[in-house]
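Report on the following structure.
Small disclaimer: the values here were computed from a predicted structure and weren't measured. In what follows, chains carry the letters A, B, and so on, assigned in the order in which the sequence lines appear, proteins first and then strands, with residues in each chain numbered from 1.
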Amino acid sequence: DAGITQSPRHKVTETGTPVTLRCHQTENHRYMYWYRQDPGHGLRLIHYSYGVKDTDKGEVSDGYSVSRSKTEDFLLTLESATSSQTSVYFCAISASVGRGKGFSHEQYFGPGTRLTVT
Amino acid sequence: SQQGEEDPQALSIQEGENATMNCSYKTSINNLQWYRQNSGRGLVHLILIRSNEREKHSGRLRVTLDTSKKSSSLLITASRAADTASYFCATDNAGNMLTFGGGTRLMVKP
């Protein structure tokens, strides 16, 4: 999984509680991403980071916040968990390949965190 | 909203047969990428094809891209049981973000 770990791997929590998921990379990549994966929706981007303390919203950011105080760590917080946030959460980093017009990004994913909100 | 849409949603074949998956997208792209996801695991990058390329090969994988039709196909030749997984296309609009489709679930029967 390209030096990317996620913790916890599984979590069950109750509605209304805050939850923080951690993504840790050992590759020193600038870009990091949080996705959620749900049946019928593929992967949807929640938030991403383009550097320490630099973050931006993705497609489904409502109810989530992120923080990146160090290059290697990207935290996703569910401020008040709801049942609709039951999902599998994936962290990814982006590796640059090529040069000039051939420049592109490939993403490498962590193993995922299965979150159940009861 | 999803940029890429895979077709079919599910595919079941016998070992040794070829598997073809298609992806359609809506806006112009810098490149298109294919990923594989084994059950319970994260996505793994398979192959990238740039917008100025029409075909690319990697081992038993063959990817085509038709930018006029905004579509791509992934062909896996001589499939194996180990190819059983979900396959996703993802489009790169040169904004450091990928947009993923809903995926094709491939089952290869031994």
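Applying the 6.0 Å contact sphere to CZ of B:Arg80 captures no more than 12 heavy atoms from other residues, nucleotides or ligands. More than 12 non-hydrogen atoms from other residues, nucleotides or ligands lie less than 6.0 angstrom from CD of B:Glu17. Shown here is A:Glu14, whose CD atom has no more than 12 heavy atoms of other residues, nucleotides or ligands within 6.0 Å.
A side-chain donor-acceptor contact under 3.5 Å links B:Tyr35 to the backbone of A:Gln107.
Between the side chains of B:Gln37 and A:Gln37, at least one donor N or O sits under 3.5 Å from an acceptor N or O.
Interatomic distance, B:Phe100 CZ to A:Phe90 CZ, rounded to the nearest 0.5 Å: 10.5 Å.
Side-chain contact check for B:Met97 versus A:Tyr33: some heavy-atom pair is nearer than 4.5 Å.
The heavy-atom pair separating B:Leu98 from A:Tyr35 by the smallest distance is O-OH, 4.0 Å.
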Between A:Glu106 and B:Gln33, does a side chain to side chain contact (heavy atoms under 4.5 Å, CB included) hold up when you go through it step by step?
CA-CA 8 Å; A:Glu106 300 173 4; B:Gln33 304 178 28; 4.2 Å; yes

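Cluster annotation: A:Tyr48 is connected to A:Val88 through the hydrophobic network of ILVMFWY side chains, with a link wherever side-chain heavy atoms come within less than 4.5 Å. Cluster membership for A:Leu75 and A:Ile93, using ILVMFWY side-chain heavy atoms within less than 4.5 angstrom, is not shared.
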